[in-house]
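Got a structure here, written out as C-alpha cells. Questions coming.
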Amino acid sequence: MKVKYKEGDVFVIPLSNGKYAICKVVFAPKGKFKKIISFCVLSIQHDEIFINDGIIKPISFEKFGKKTQVLFTGNQNISNGLWKVIDCVDLTEDEVELKVFNYAGGLYNGETEIRRIPIAEYPNYTAMGVSGFELVDNILTSI
C-alpha cells in the first residue's frame, strides 16, 4: 500500500544501531523533484529533545563536514511505509526556511526557482544533495 505524505508529517526512521530518529517532512515536492523528500531531525531516541520556547527545534548535524539541519533523500521509504508517519504538525517559520536550497546553481524555495546564484554564493545555502538510505542512516547514527 502506498502511503500519502505531505509537508509537516512527523515520521520515525528505525536506525541500524537500534535507536529511532523522529523526523519531519520539510519539502514534499509534486513536480520535477517528486521522487525526493527533505526532512529535519527533531530527536534521536535516548537523546535530549531540544525544546526552545515550547517548540521542538530541528537538530543541527554534520554532513560531509558542513553543518546542516535538513537532509534530502528518496521518497521510497516513507511512501512504502518503512518510515512510519505518526503525526502532522504545521511547519514552523524556521522549518519553512529549510525549504530554500541550491540546486545546480538555482536558488529554490520549494519547487519555485527564485534566481540563479553565482558560485561565490553557494556556501550561503543548503545544497540539494540527495543522500541514499545507507548514508541517511550513517548520518543519523552519528548524531
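Small disclaimer: the values here were computed from a predicted structure and weren't measured.
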Legend entry - Donor-acceptor contact below 3.5 Å, side chain K63 vs main chain G129: yes
Inset, instruction - Flag yes if more than 12 heavy atoms outside I86 fall under 6.0 Å of its CD1 atom; otherwise flag no. - result: yes
Legend entry - ring pair (Phe, Tyr, Trp, His ring centres under 6.0 Å) partner of F27, the single match among Y5, Y108, F101: F101
Inset, instruction - Please check if the side chain of E95 supplies one atom and the backbone of P58 the other of a donor-acceptor pair under 3.5 Å. - result: no
Legend entry - N124 atom CG: more than 12 heavy-atom contacts under 6.0 Å: yes
Legend entry - Working for side-chain contact (heavy atoms from CB on, under 4.5 Å), residues L71 and L140: CA-CA 10 Å; L71 280 172; L140 297 182; 4.2 Å; yes
Legend entry - Short N-O contact, E121 and R115, less than 4.0 angstrom: yes
Inset, instruction - Find out if a path of hydrophobic residues (ILVMFWY) with successive side-chain heavy-atom gaps under 4.5 Å connects V25 to L82. - result: yes
Inset, instruction - Can you establish whether the number of heavy atoms outside F61 located under 6.0 Å from its atom CZ is more than 12? - result: yes
Inset, instruction - Let me know which of V3, T73, V12 forms a side chain to side chain contact (heavy atoms under 4.5 Å, CB included) with W83. - result: T73
Inset, instruction - Identify the two heavy atoms, one from N102 and one from G105, that lie closest to each other, and give their separation to 0.1 Å. - result: OD1-N, 2.9 Å
Legend entry - Nearest non-hydrogen partners of E113 and G106, listed with the distance: OE2-CA, 3.5 Å
Inset, instruction - Indicate yes or no: at least one non-hydrogen side-chain atom of I78 is less than 4.5 angstrom from one of F39. - result: no
Inset, instruction - Give a yes or no on whether K66 atom NZ has more than 12 heavy-atom contacts from other residues, nucleotides or ligands under 6.0 Å away. - result: yes
Inset, instruction - Go through the steps to decide whether Q69 and D94 satisfy the test side-chain contact (heavy atoms from CB on, under 4.5 Å), and finish with yes or no. - result: CA-CA 10 Å; Q69 289 186 311; D94 290 342; 5.9 Å; no
Legend entry - Nearest atoms (heavy-atom pairs only) where V10 meets V89: CG2-CG2, 4.1 Å
Inset, instruction - Could you check if a side-chain atom of I37 sits within less than 4.5 angstrom of a side-chain atom of F72, using non-hydrogen atoms only? - result: no
Legend entry - Min side-chain heavy-atom separation K99-L91 under 4.5 Å: yes
Inset, instruction - Answer yes or no: is there a donor N or O on one side and an acceptor on the other, between the side chain of K24 and the main chain of D90, under 3.5 Å? - result: yes
Legend entry - Residue pair V130 / K35, side-chain heavy-atom distance below 4.5 Å: no
Legend entry - Residues, nucleotides or ligands: over 12 heavy atoms within 6.0 Å of K30 NZ: yes
Legend entry - Test item: side-chain donor near acceptor, D137 and S16, under 3.5 Å: yes
Legend entry - Working for side-chain contact (heavy atoms from CB on, under 4.5 Å), residues F11 and N77: CA-CA 11 Å; F11 63 100; N77 283 355; over 6 Å; no
